Structure formats: C-alpha cells, structure tokens
Amino acid sequence: MKIKLQIKRFNPEKDRAPWWGKYEVDVEPNDRLLDALHEVKWRQDGTLAFRRSCAHGVCGSDAMKINGRNRLACKELVRNLSRTIVVEPLMGFRVLKDLIVDMEPFFKKYRQIHPYLVNEDPEEPGRERLQTPAERSRFEDTTKCILCAACTTACPSFWTNPDYVGPASIVQAHRFIFDSRDRAGAERLHILNESEGVWRCRTVFNCAEACPRGIDVPKAIAEVKRALVFKKI
Amino acid sequence: MEAGADWSVESGGRPMPEGGLELYAWIFMRLSGVALLFLALGHMVLMHILNSVEVIDYDFVARRYASVLWRTYDFLMLFLAMLHGVNGARTILADVVTHPGRRFLFQSILFTVGAVFLVLGALVIFTFQPV
C-alpha cells in the first residue's frame, strides 16, 4: 500500500526554520512506521535523521509525535494510522536534527532522583535481598518504564515549565521509593517535594495516554503525592 | 547508621519529608475546594432559590447579619474562596511565567490585590452595623 509521510525537518546548521518534508512510500500494511521511515532514509533521502536502536519497543529511542500523539515509531503499524502520516519530534526539547532532540535535560532530571537501589545495610553472606510477591507488586508497574520521554513531552506542565521534574522521573522515583529493599525513599521524596517536583503535576492525564508501555503514570504520581501527604511509604 | 537514632528503617537514615509550601498548598486546595462546593451551593440555594434578588434588600441583609452564624458563613466563604483563587492563579503563574523578575512582579500584584479584597470583604462582614 502507498502512504504519504509528512515529516517535520530541521537542520539547525542549514535551515532558518523547520519545514515539512513530504514523501510517498510503498509499504506493507503490517509494516511499522519505523519501516516507512527507513524506506525514506535508505531509498529516498539519506539526510533524514531519527533515532532507533532495538526497533522492538524496548529501548525507547524512537519516541516521536505521530499524528499529534507521542508514540514509538517501532510499535505503530501503518495500517492503523492514516494514509498521510504526520511525524514530528517530541515537544519541549531542543531539536538537534529532524526527529532527534536533545534529551540531556531529561536524563539530568532522571539522575536527580537517584535511579538506583540504595541500601547500605550489610548483606548476609551468600543471601540475596529477598522480598515477597506482594512487596514486589507495589512497584511492578513502574519497572516497565523505558525512558522514551513520551510521557514527559506530552505533559503541558512540562511544556510551559521545563524545570518541572516531569512524569518519567516521578515514575522512576516511584520504582525505587516503593521497593522494600531500598533505603533512600525519603531522600527521593525530599527531592520530589521541592517546588519543581511532584506538585507541578496538574493531573492532566496526557502521560497515561502517551506511555507506550501502558504504565498508569497518574496513579504512580498520586502514590508519591500520597506518600508525601501521609508521611508514609 | 547511629544506634538509637530516631530514624525509620524505611527512610534509610533520613526522616520523611514534612511540610513544604507546595505540599500544604496542594492539601489546602483539595480541602478548601470541597468546603467551597458546599458553602457556595448553600449560598446559592439561600440567596437565589429560596429568596430572590427582588426580596433581597438592605433590610434583608441587616436582618441576616444580626446573626453571628451568617457573618461567619460569609467570612468563611470569602476567606476560602480568596485563598483558593489566589493560590490557583499563583500556580498558573508559576507554570507559565518563567522569568524570575516577571514572576515576582505578577505574584506581587496578585497577592496585593488578593489581600486588599480579603481585607475589604472582612471589614464589611465584621463591622457592618444596621442604620
């Protein structure tokens, strides 16, 4: 089947303003949008720039705005999209080239919430830190995050205020705050209690719609807020 | 970790965060929102359904304000509504106005206007004397 791609192009070294690149590609209905982008890059216009690594919805590299919604290009089948597909870079970041944005501010916030297990208690020799299935299930949902930034760049609070820590970092913090093996929950809650922390969330719910992993992001944020209000993890 | 220190195991050496302006503001918005819903509904039923603008005149207000209850009711509504509204506008400013100087300016104007209206309203509620 033939489809049309309308891709927002921008090369800051050459272009004064973004422009729309229009391409027609022949694809199979079961092809993904990523395949269509490859078709353009490999056969029509090699200057098109976009990120992708695993191409199977796990690495989170190819999040972009597809027909106005944040999606992974490798998870969208062209048959489920329109005949003319509009592709734009994620909002709220500096565009480096075409669909590639500068994610450094995003990862800076991610690092701020200590996204690793903190436990200084001495380990028993030859024994792992165990937890029950119930303890594990408290943060099961937020372990699924692949840091694609689809949620954060769908968030109006983030668009207007780039200092806001953003839903993705709160999801990552949630994953460790509610981990029974972790000991830095209060530390992370201190960070999220700051003025650009979790209280900037206005429960717009764009993040829930955007997450390609189906994480209930607003629920995770609400649980962090509740932990702060009731001073209990 | 020091022995005997009052640190919870869960928090791993640091006490749980307490307070913070944004946290209290967030709780206040939820509680005052619920309270205002009932206060405003009660106000609407009393002033616009059971009574109407044709009945409400100076004597009506004077009779109503003879009772401490209605003065308290109106003051509560004024106080909560002003704080709720001003705080809502404050968060919008914090979202939208990123320039620190401009944010300070707008917030100063907002707080001043809010305080003036609160004081004026309170003055009427507390000092009203029928002539």
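These figures come from a predicted structure and were not determined experimentally. Throughout, a chain's letter reflects where its sequence line sits, starting with A, and its residues are numbered from 1.
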What distance do A:Y164 atom OH and A:W159 atom CH2 have between them, rounded to the nearest 0.5 Å?
->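 Going from the OH atom of A:Y164 to the CH2 atom of A:W159 covers 13.0 Å.
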Rounded to the nearest 0.5 Å, what separation is found between the SG atom of A:C148 and the CG atom of A:L90?
->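 Separation between the atoms: 7.5 Å.
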Report the residue from A:D141, A:T143, A:T142 that forms a side-chain hydrogen bond (donor to acceptor under 3.5 Å, both in side chains) with A:H174.
->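 Testing each of A:D141, A:T143, A:T142 against A:H174, the sole residue satisfying side-chain hydrogen bond (donor to acceptor under 3.5 Å, both in side chains) is A:T142.
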[X] versus chain A, heavy atoms under 4.5 Å apart: side chain, backbone, both or neither?
X     : result
B:T98 : side chain
B:A25 : neither
B:L23 : both

Would you find a donor on one side and an acceptor on the other, under 3.5 Å apart, between the side chain of B:N51 and the backbone of B:L46?
->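 Here the side-chain-to-backbone pair exists.
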Say whether, by atom type as modelled, one donor and one acceptor occur between the side chain of A:D102 and the main chain of A:R94 under 3.5 angstrom.
->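 No.
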May I ask you to check whether A:T47 and A:R9 show a side-chain donor-acceptor distance below 3.5 Å?
->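 Yes, side-chain donor-acceptor contact under 3.5 Å.
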Could you tell me whether the side chains of B:Y65 and B:D74 share a donor-acceptor contact shorter than 3.5 Å?
->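 The answer is yes; a qualifying pair exists.
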Fit a plane to each ring of B:F126 and B:F75, take the angle between them on a 0 to 90° scale, and name the class: parallel (under 30°), tilted (30 to 60°) or perpendicular (over 60°).
->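 Taking B:F75 first and then B:F126, their aromatic rings sit tilted (interplane angle of 30° to 60°).
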How would you list, in number order, the residues of residues 198-210 of chain A that have a heavy atom less than 4.5 Å from chain B?
->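 Contacts with chain B: A:W199, A:R200, A:R202.
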Could you tell me which of A:V118, A:N161, A:T160 has the largest number of non-hydrogen atom pairs under 4.5 Å with chain B?
->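 Heavy-atom pair counts peak at A:T160.
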Sort A:E120 into side chain, backbone, both or neither according to what part of it lies under 4.5 angstrom from a heavy atom of chain B.
->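 Neither the backbone nor the side chain of A:E120 comes within 4.5 Å of chain B.
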